[in-house]
Amino acid sequence: MRDAAPQTIRLADYTPYPFRIDHVALEFRLAPVATRVIATLKITPLSSGADMRLDGEDLRLIRATVDGRWLDLTPDATGLTVPAAELPDGPFTWECEVQITPAENTALEGLYMSKGMYCTQCEAEGFRKITFYPDRPDVMAPFDVRILGNEDGSTPVLLSNGNPDGHGRWTDPWPKPAYLFALVAGQLVAVEDSFTTASGREVALKIWVRPGDEGKCAYAMDALKRSMRWDETEYGREYDLDIFQIVAVDDFNMGAMENKGLNIFNSKYVLASPETATDRDYELIEGIIAHEYFHNWTGNRITCRDWFQLCLKEGLTVFRDQQFSGDMRSHAVKRIDDVLMLRARQFREDAGPLAHPVRPEEYIEINNFYTATVYEKGAEVIGMLRTLIGPEAYRKGCDLYFERHDGEACTIEDWIAVFEEATGEDLAQFRLWYAQAGTPTLDVAEAWSDGTYTLTLRQDLPETPGQSDKSPQVIPVTTGLLGRDGAELVPSQTLVLREQTQSFRFEGLPERPVPSLLRGFSAPVRLRHGISRADRLLLLAHDTDPFNRWEAGRSLAKDTLITMITETTAPAEAFLDAVMTVAQDPSLDPAFRALALALPSEDDLAQTLHSGGVTPDPDAIYAARKSLTRAIATHGAEAFGQLYDAMAVPGPYTPDAKAAGQRALRGTALRLLSEIDEGARAKAQFLGADNMTEQLSAFSALLSIGKGTNAVSTFYEQWSGDRLVMDKWFALQISLAAPDKAVRACKALTAHPDFDWKNPNRFRSTLGALAMNTAGFHTASGEGYELLADWLIRLDPLNPQTAARMSSAFDSWTRYDEKRQRLIKIELERIAATPGLSRDVTEMVGRILAA
Ligand code: PHE
Ligand code: ZN
């Protein structure tokens with residue numbers, strides 16, 4: 001019943017719902033296998049003679065009435081239709097009782113149970129698994145919720161959106177789409193605090209966790225308060241209810257969810273203590289708490305008209321959380337981290353069979369479109385808009401957006417229109433960023449004569465599935481010019497490329513400059529610039545733009561690796577010297593230096609080789625990275641020893657950016673030193689560490705050099721009682737295994753008694769970790785492909801969303817040699833042929849195979 005015949009939904013087919021929902025009252029009588037939901041809706045027809053279609057899945061209909069009159073309705077696979085003839089012309093009351101089975105809901109969508117606790121996940125289309133309803137974001141209504149807990153008293157805490165009356169009744173005065181509905185019930189404890197808004201209102205803050213986890217909420221609470229303040233000062237947005245609550249759950253398909261006034265989080269992004277969470281975990285908690293909080297205005301108060309507009313809330317909210325994290329920590333480091341992620345996930349997606357525009361035009365299963373393109377490229381598009389129109393006009397446009405559209409369900413056109421009004425500019429060409437898929441390439445040509453330097457930029461947008469003819473986009477290229485001595489000749493300015501090819505002249509220069517292009521990564525493009533090694537070394541040493549300094553080093557490392565892979569040469573001495581200069585430069589932030597020392601990932605190198613017309617060999621890539629790691633370690637052995645000592649952070653652990661940066665650089669030094677000291681330092685650090693960051697960096701170093709056996713069992717004994725720490729234990733053993741051992745490690749760990757494959761975090765830390773071990777996953781025998789396919793087939797009937805997301809591991813398949821392609825194709829076809837396969841995985845595998 002879950003999967004009706006797959007249907008393609010198109011943006012072009014949008015029509016408004018012909019009814020208005022004036023009020024929703026819900027009553028829940030909770031019981032694990034037979035929960036009753038009684039929905040009472042006040043409805044006004046907006047056009048006469050329309051049938052009323054309500055979505056509904058996996059619901060047992062008990063009764064339905066219109067104005068108290070019983071109706072004899074038979075639901076179909078996706079809902080039910082109340083014929084117009086049964087409906088009055090004016091306002092009426094629809095009441096309906098259904099029965100559902102949360103205890104058997106393994107898909108974690110709708111109302112489900114996680115370790116005895118009830119919780120909900122309704123985005124995108126989960127509310128239809130709770131009651132019959134027009135489950136679409138443009139239908140907004142105020143909700144009243146009454147919850148009756150388990151009869152045995154085992155659910156003392158009963159939560160829903162909005163303000164409480166203290167007796168299990170919740171009122172949310174703000175009209176909202178059903179995807180923002182939430183309910184939680186169980187044995188939970190709250191960590192409480194409060195926040196006074198700019199206008200002086202007191203807001204109660206509660207983070208609900210399982211008893212025993214109260215001590216791990218302080219950082220999340222602090223991040224929440226900082227987020228609330230930041231949204232007031234940076235966007236002028238205040239919180240709008242008397243209470244804001246967060247609940248941590250262990251079984252969750254995604255990171256977190258912005259339900260109105262009641263955010264539900266994957267516990268991984270709430271719980272932290274120095275002993276159990278790494279610096280990276282703290283950073284993610286801060287960013288995700290902020291992200292979900294920021295949705296209150298960008299997503300909740302102003303929501304999406306339809307799911308094609310998903311980037312309206314997600315791209316904007318990611319951009320906002322990136323700005324926030326930059327303000328809290330370091331903008332340079334945050335930008336580098338974000339670009340690394342963008343390239344690893346979004347550029348990869350854009351270059352393969354799953355490429356789609358930031359605003360897609362059709363889908364079969366919307367859950368398959370919570371992608372790096374919608375989120376991360378969506379955020380890049382907002383960043384470009386701000387760069388193009390300037391921060392003041394950006395803020396003015398945002399103010400207008402909030403003022404004009406508060407309480408509405410909007411489109412990208414609405415969003416763009418406020419900036420056209422704020423600036424008086426026509427942004428039609430800019431809108432192409434939302435409509436055209438693919439990562440533009442930017443080719444650079446330079447000319448120099450008589451003090452005039454001319455830069456010629458050319459943009460090309462590759463073909464992507466379903467899109468061939470593309471138009472030039474507007475690309476902001478922030479540029480500065482450096483002299484031979486490294487001094488800045490021309491400071492940063494944003495060149496705006498609108499044509500396919502355009503030239504920009506700089507006159508009256510004393511010498512031929514070295515250009516620093518695309519500063520701050522001002523647009524999500526692939527820059528192709530035939531710049532010499534010497535000029536890149538100059539940028540690495542002197543650029544005033546920290547992003548481009550890092551980028552110069554990265555491109556040198558990449559070239560070095562590509563040469564090592566294709567010609568099996570040794571790395572150039574000059575490169576190794578340059579790396580050491582940056583590593584030891586005391587004027588540079590340690591976090592930045594750690595990033596400068598990190599080598600491009602195997603997948604990044606495979607992507608680069610492929611786009612240059614070379615078939616990537618995963619084993620050769622692995623070997624080259626390994627040998628460059630060793631070369632850097634040997635070359636800088638003494639300096640890394642000193643760095644390792646100098647970067648020790650004295651005193652008790654604190655998660656602040658400064659301490660974290662030092663630990664990051666120290667961890668990098670440790671990793672390199674392990675190549676030459678047999679893991680001696682790592683062993684000592686592993687045993688002596690008083691925080692998870694250092695314990696894990698030591699554990700990783702040992703696993704990377706193949707000396708982790710003892711640490712694996714020690715770590716297990718120490719942490720087997722902590723689910724989140726155990727996820728790390730599972731993941732690292734697989735992701736850091738040597739290529740010929742990864743599949744075996746994954747097989748062994750999926751047979752481990754602690755492998756709970758129904759828990760998405762655990763599934764990701766095993767099968768997801770395998771997919772991330774590029775050479776291991778692509779092992780020539782095809783066993784990696786087979787193992788992942790086996791598990792996806794097994795997971796699909798239980799949790800199609802997670803299975804579908806993980807199937808994207810196969811999306812790079814056409815990059816590889818014929819033999820690997822054949823092996824992958826066999827597995828993809830085997831998945832596709834599985835009887836009863838979900839709509840989610842059917843769509844994903846179909847798109848991947850169509851490559
Ligand atoms: N809307 C959530 C976010 O980005 C993501 C999400 C989507 C969570 C679908 C669950 C289900 O903040
Ligand atoms: Zn979001």
Side-chain angles (χ1 to χ4, degrees), residues 9-21 46 122-125 127 134-142 172 174-181 231 235-237 240 258-260 291-321 357-363 366 369-370 373-375 377-379 381-386 389 393-423 425-428 430-435:
I9 317 289
R10 293 193 173 78
L11 170 59
D13 293 342
Y14 173 83
T15 49
Y17 193 61
F19 297 85
R20 187 177 69 223
I21 312 293
L46 297 176
C122 294
E123 187 178 6
E125 299 180 330
F127 193 71
D135 189 6
R136 40 187 286 170
D138 59 345
V139 172
M140 299 172 82
D172 182 2
W174 301 104
K176 67 166 174 289
Y179 81 85
L180 292 172
F181 168 79
D231 214 14
Y235 280 83
R237 298 295 111 202
D240 55 4
E258 70 264 24
N259 315 302
K260 181 77 186 190
H291 179 97
E292 305 312 330
Y293 176 73
F294 296 158
H295 267 313
N296 192 54
W297 275 95
T298 51
N300 300 3
R301 294 279 292 243
I302 304 179
T303 193
C304 303
R305 186 192 73 173
D306 52 69
W307 290 120
F308 297 101
Q309 321 294 330
L310 184 57
C311 63
L312 179 73
K313 74 176 178 82
E314 294 304 347
L316 176 54
T317 305
V318 171
F319 178 68
R320 277 151 52 71
D321 83 55
V358 171
R359 180 171 68 181
E361 265 146 35
E362 54 178 59
Y363 61 78
I366 186 56
F369 284 83
Y370 286 76
T373 297
V374 169
Y375 276 66
K377 189 175 178 182
V381 172
I382 312 271
M384 284 190 289
L385 175 67
R386 187 170 180 276
I389 67 176
Y394 173 73
R395 175 65 198 264
K396 200 169 141 205
C398 286
D399 288 347
L400 186 56
Y401 177 66
F402 294 125
E403 184 190 313
R404 179 176 296 169
H405 295 294
D406 189 11
E408 294 181 358
C410 294
T411 61
I412 288 303
E413 283 73 15
D414 296 326
W415 165 253
I416 297 292
V418 296
F419 295 98
E420 294 190 316
E421 221 166 291
T423 59
E425 276 175 50
D426 176 357
L427 295 172
F430 184 78
R431 266 206 302 269
L432 291 172
W433 278 106
Y434 287 98

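Sequence positions, counted from 1, serve as the residue numbers for this chain.
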Sort and list the pairs that fulfil salt bridge (Lys or Arg N to Asp or Glu O under 4.0 Å) and have at least one residue in residues 409-419, not counting sequence neighbours. R359-E413

Approximate separation, where rounding is to 0.5 Å, of I389 CD1 and K396 NZ: 9.5 Å

About how many Å separate CG of L180 and CH2 of W174, when rounded to the nearest 0.5 Å? 14.0 Å

The criterion is salt bridge (Lys or Arg N to Asp or Glu O under 4.0 Å); which residues satisfy it with E421, sequence neighbours excluded? R404

Residue pair D135 / A178: nearest heavy atoms and the distance that separates them: OD1-CB, 4.1 Å

Please check: side-chain N/O of D426 versus main-chain N/O of E420, any donor-acceptor pairing under 3.5 Å? no

Should T303 and C410 count as side-chain neighbours, where that means a heavy-atom distance under 4.5 Å? no

Residues which pass ring-ring contact (aromatic ring centres under 6.0 Å, His included) with Y179, listed by chain and number, not counting sequence neighbours: W307

Which heavy atom of I412 sits nearest to which heavy atom of C311, and what is that distance? CD1-SG, 3.6 Å

Centres of the F402 and W297 rings: under 6.0 Å? yes

Check the pair R320, L316 against side-chain contact (heavy atoms from CB on, under 4.5 Å), reporting the backbone distance first and the verdict last. CA-CA 6 Å; R320 277 151 52 71; L316 176 54; 3.9 Å; yes

Going by ring-ring contact (aromatic ring centres under 6.0 Å, His included), name the residues that satisfy it together with W415, two or more places apart in sequence or in a different chain. Y401, F419

Where Y235 and D399 come nearest, the two heavy atoms and their spacing: O-OD1, 4.1 Å

Output for pair (L310 CG, I366 CD1), nearest 0.5 Å, gives 6.0 Å

Atom pair CZ (F294) and CZ (F319), whose distance is rounded to the nearest 0.5 Å: 11.5 Å

Who passes salt bridge (Lys or Arg N to Asp or Glu O under 4.0 Å) against R301, sequence neighbours left out? D240, D406

Under a 4.5 Å cut-off applied to non-hydrogen side-chain atoms, are V139 and P177 in contact? no

E123 and Y370 side chains, donor-acceptor separation under 3.5 Å: yes

4.5 Å side-chain heavy-atom contact, W433 and V358: no

Residues in side chain to side chain donor-acceptor pair (under 3.5 Å) with R386, at least two apart? none

Min side-chain heavy-atom separation F430-I416 under 4.5 Å: yes

Stepwise side-chain contact (heavy atoms from CB on, under 4.5 Å) check, L11 with D306: CA-CA 8 Å; L11 170 59; D306 52 69; 4.1 Å; yes

Residue pair A393 / T423: nearest heavy atoms and the distance that separates them: CB-CG2, 3.8 Å

Could you pull out all residues at least two apart from F308 that satisfy ring-ring contact (aromatic ring centres under 6.0 Å, His included)? Y363

Please check this pair: side chain of Q309 against backbone of C304, looking for a donor-acceptor N/O pair closer than 3.5 Å. no

Side chain to side chain donor-acceptor pair (under 3.5 Å) involving D321 - partner list, sequence neighbours excluded: H291

Tell me, do K260 and N296 make a side-chain contact under 4.5 Å, heavy atoms counted? yes

E361: which residues meet the salt bridge (Lys or Arg N to Asp or Glu O under 4.0 Å) condition with it, sequence neighbours left out? none

Hits for side chain to side chain donor-acceptor pair (under 3.5 Å) against Y375, two or more places apart or cross-chain, chain-then-number order -> E314

Are any non-hydrogen side-chain atoms of L46 and F19 less than 4.5 angstrom apart? no

Quick one: closest heavy-atom pair of F369 and V374, and the distance? O-CG2, 3.3 Å

Taking side chain as C-beta onward, heavy atoms only, is L427 less than 4.5 Å from E425? yes

For K176, give me all partners under salt bridge (Lys or Arg N to Asp or Glu O under 4.0 Å), at least two apart in sequence or on another chain. D172

Quick check: does any side chain N or O of H295 sit under 3.5 Å from a backbone N or O of T298, one acting as donor and the other as acceptor? yes

Sorted by chain and number, sequence neighbours left out, side chain to side chain donor-acceptor pair (under 3.5 Å) with Y17 holds for none

Closer than 4.0 angstrom, basic N to acidic O: yes or no for R305 and E408? no

